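Just so we're clear, the structure is a prediction, and the values are computed from it rather than from any experiment. Reckoned from all heavy atoms, side chains included, excluding hydrogens, waters and symmetry mates.
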Amino acid sequence: MVRNKPTLHDVAKRAGVSIATVSNVLNYKSTELSDKTKEKVLGAIDDLNYEPNQFARSLKTGQSNMIAFIVPDQNPFFTELLTEISDECQKHQLHVAVVSSEENEDKQKALIESFIAQNVSAIILVPVNSKFKLKKEWLNTPIMTLDRELESMQLSSITVNNEEAAYTATQRLISSKSTDIGLLLANPNISTTTERRQGYARALSDNHIEVNHNLIFYSDQQLGTDAQIKSGYEATKTLIGENIKAIVATNHLLLLGALQAIKEGGKVITKDVIIVGFDDSYWNEIYAPKLTVVSQPVKTMGKEAGKMIYRMIRGEKNESIKLSTKLVIRESCEFR
């Protein structure tokens, strides 16, 4: 015997509230309801495994209950963020669609236009350029930035203290008696790159070391994922060819390229060269030698992004959040 799917009436009965109250919760019109009432409704929805008719709701509300997450590349960092964002959004019957702009401004613009045309409920954007301008009509859709910031727009954002992160990474290599330190950076036009370069320069200055611009390398901002890996590879190949023995790689993709160049160059980390990367993962511990990295609070960033975008959909004000990072010291940052 086939069981009938639970209805709005079933949810209301289980929660002990009216059908109108359940509808208000589902359609984000519950600002006047108590948290206890909303929790009862959401609990009943989970208990009954109730799935609202998304097509009917989108016709009624003019929204698809879909969150667009536009990332710049295929860095595993963004995959981890997606997991946390999705988990948080599902609590409110919101679904997340992720797509990569591959660090291309025209593609990013086209993606925003496309998602808005599809009546997404909101957009979480990792901008490919800190000077990127949002069209006025786009702002009828809630938009927040994650990981990177825009200079010209006062959008709600969640970021980390990138300058302090790069300062700490560079300082760790200086404490290992290094003065010539290579710096691998991503797209030169994004806020994270600017801030991480500043942190690197400040650490050198505080230790009375002059910045050598020949040791600073940027990736090609137009080509995305593969370009960053290749950039890290080519830059590291140049650095070790000039007998530079210390490197800071400021994201996971640049680090991958750097490790490939070090291996192909016949160099041994901790013997010939030391390195600090960004973004922690399980493989950093099983790699030999174990990799020292700046760990970003990915879980917190993702959860807070999910909460923030939900509040924005409900029309609530949000304050931007800047989180701290942690240097996870393992073997790769010390000569042995």
Side-chain angles (χ1 to χ4, degrees), residues 66-90 94-105 107-112 114-115 120 122-130 132 143-150 155-162 165-166 184-187 189-196 219-232 249-257 277-284 293-309 320-323 325-326:
M66 184 69 70
I67 306 299
F69 183 27
I70 303 177
V71 301
D73 54 45
Q74 299 172 48
N75 191 325
F77 170 72
F78 296 116
T79 304
E80 291 185 62
L81 283 174
L82 172 63
T83 299
E84 301 301 328
I85 293 170
S86 295
D87 286 348
E88 190 62 38
C89 285
Q90 283 176 5
L94 294 168
H95 305 281
V96 183
V98 62
V99 64
S100 173
S101 64
E102 286 299 311
E103 295 285 8
N104 185 297
E105 191 167 329
K107 185 174 181 179
Q108 178 181 262
K109 178 181 176 181
L111 288 170
I112 294 172
S114 176
F115 279 122
V120 292
I123 295 174
I124 300 175
L125 178 67
V126 185
V128 303
N129 190 324
S130 60
F132 182 71
I143 301 177
M144 64 167 286
T145 62
L146 182 61
D147 182 54
R148 305 173 182 177
E149 296 174 291
L150 293 174
L155 296 181
S156 297
S157 67
I158 299 177
T159 58
V160 300
N161 190 332
N162 287 291
L184 312 185
L185 292 165
N187 178 343
N189 298 318
I190 58 177
S191 61
T192 51
T193 294
T194 301
E195 293 161 3
R196 290 171 186 178
S219 68
D220 184 335
Q221 70 269 33
Q222 296 301 318
L223 300 178
T225 304
D226 292 341
Q228 288 198 70
I229 296 174
K230 183 179 179 181
S231 172
T250 60
N251 72 32
H252 178 84
L253 300 178
L254 294 169
L255 177 61
L256 286 179
F278 268 62
D279 305 327
D280 204 10
S281 69
Y282 70 91
W283 73 272
N284 290 330
V293 293
V294 172
S295 177
Q296 301 191 75
V298 184
K299 290 184 181 296
T300 301
M301 290 178 74
K303 287 182 184 297
E304 291 301 322
K307 292 176 181 178
M308 181 177 286
I309 208 67
S320 293
I321 299 172
K322 189 176 290 289
L323 301 167
T325 59
K326 178 183 179 183

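At least one donor-acceptor pair under 3.5 Å links the side chain of T83 to the backbone N or O of T79. Using a distance-only test at 3.5 Å, with no hydrogens or angles considered, no donor-acceptor pair links the side chain of S114 to the main chain of A110. Under a 3.5 Å cut-off, the side chain of E105 and the backbone N or O of N129 do not form any donor-acceptor pair. Side-chain atoms of S295 do not come within 3.5 Å of backbone N or O of D280 as any donor-acceptor pair.
Put simply, the side chain of I190 does not reach to within 4.5 Å of the side chain of F132, judged on heavy atoms. The side-chain heavy atoms of V126 and T145, taken from C-beta on, include no pair separated by under 4.5 Å.
When all heavy atoms are compared, the tightest approach of A305 to I158 is N-CD1, 3.2 Å. Shown here for C89 and G306, the closest heavy-atom pair between the two residues is SG-CA, 4.2 Å. Shown here for S156 and S320, the closest heavy-atom pair between the two residues is CA-OG, 3.6 Å. The heavy-atom pair separating S157 from M308 by the smallest distance is O-CE, 4.1 Å. Contact detail for V96 and S86: the closest heavy-atom pair is CB-OG, 3.7 Å. Among all heavy-atom pairs drawn from H95 and M66, the shortest one is O-SD, 3.1 Å.
Considering T250, N251, N162 in turn, N162 is the only one that fulfils the side chain to side chain donor-acceptor pair (under 3.5 Å) rule with R196. Residue H252 is tested with F77, F78, W283, F278 for a ring pair (Phe, Tyr, Trp, His ring centres under 6.0 Å); the sole match is W283. With respect to I143, the side-chain contact (heavy atoms from CB on, under 4.5 Å) criterion is satisfied by exactly one of L155, I124, L150, I70: L155.
For T194, the side-chain contact (heavy atoms from CB on, under 4.5 Å) test picks out Q198, with sequence neighbours left out. Residues meeting the side-chain contact (heavy atoms from CB on, under 4.5 Å) test with S231, sequence neighbours left out: S219, L254.
Between the CD atom in Q296 and the CG atom in N161 there is a gap of 11.0 Å [rounded to 0.5 Å]. Here the straight-line distance linking atom CG of L253 with atom CG of L256 works out to 6.0 Å at 0.5 Å rounding. In this structure, Q228 CD and L255 CG are separated by 12.0 Å, a value rounded to the nearest 0.5 Å. Between E80 atom CD and K299 atom NZ the span is 7.5 Å, to the nearest 0.5 Å. In this structure, CG on D147 lies 5.5 Å from OG1 on T192, to the nearest 0.5 angstrom. Considering CD of Q90 and CG of D87, their distance stands at 6.0 Å, rounded to 0.5 Å.
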Exercise for review: Test M144 against L125 for side chain to side chain contact (heavy atoms under 4.5 Å, CB included), laying out the working first.
Suggested key: CA-CA 6 Å; M144 64 167 286; L125 178 67; over 6 Å; no
Exercise for review: Please report the C-alpha distance between I85 and L146 in whole Å, then the side-chain angles of each, then the deciding distance to 0.1 Å, and finally whether the side chain to side chain contact (heavy atoms under 4.5 Å, CB included) criterion is met.
Suggested key: CA-CA 11 Å; I85 293 170; L146 182 61; 3.9 Å; yes
**Study point:** Chi angles and distances behind the side chain to side chain contact (heavy atoms under 4.5 Å, CB included) call for V99, F69
**Key:** CA-CA 7 Å; V99 64; F69 183 27; over 6 Å; no
**Study point:** side chain to side chain contact (heavy atoms under 4.5 Å, CB included) assessment of N104 paired with V128
**Key:** CA-CA 7 Å; N104 185 297; V128 303; over 6 Å; no
Practice item. Could you walk me through whether E149 and S130 pass the side chain to side chain donor-acceptor pair (under 3.5 Å) test, one step at a time? Key: CA-CA 6 Å; E149 296 174 291; S130 60; over 6 Å; no
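The environment of K107 atom NZ is dense: over 12 non-hydrogen atoms of other residues, nucleotides or ligands sit within 6.0 angstrom. Residue-environment remark: NZ (K326) stays at or below the threshold of 12 foreign heavy atoms within 6.0 Å.
The pair E304-K322 fails the salt-bridge criterion, with no side-chain N (NZ, NE, NH1 or NH2) lying under 4.0 Å from an Asp/Glu carboxylate O. We find that K303 and E88 are not joined by a salt bridge, their nearest charged nitrogen and carboxylate oxygen being 4.0 Å or further apart.
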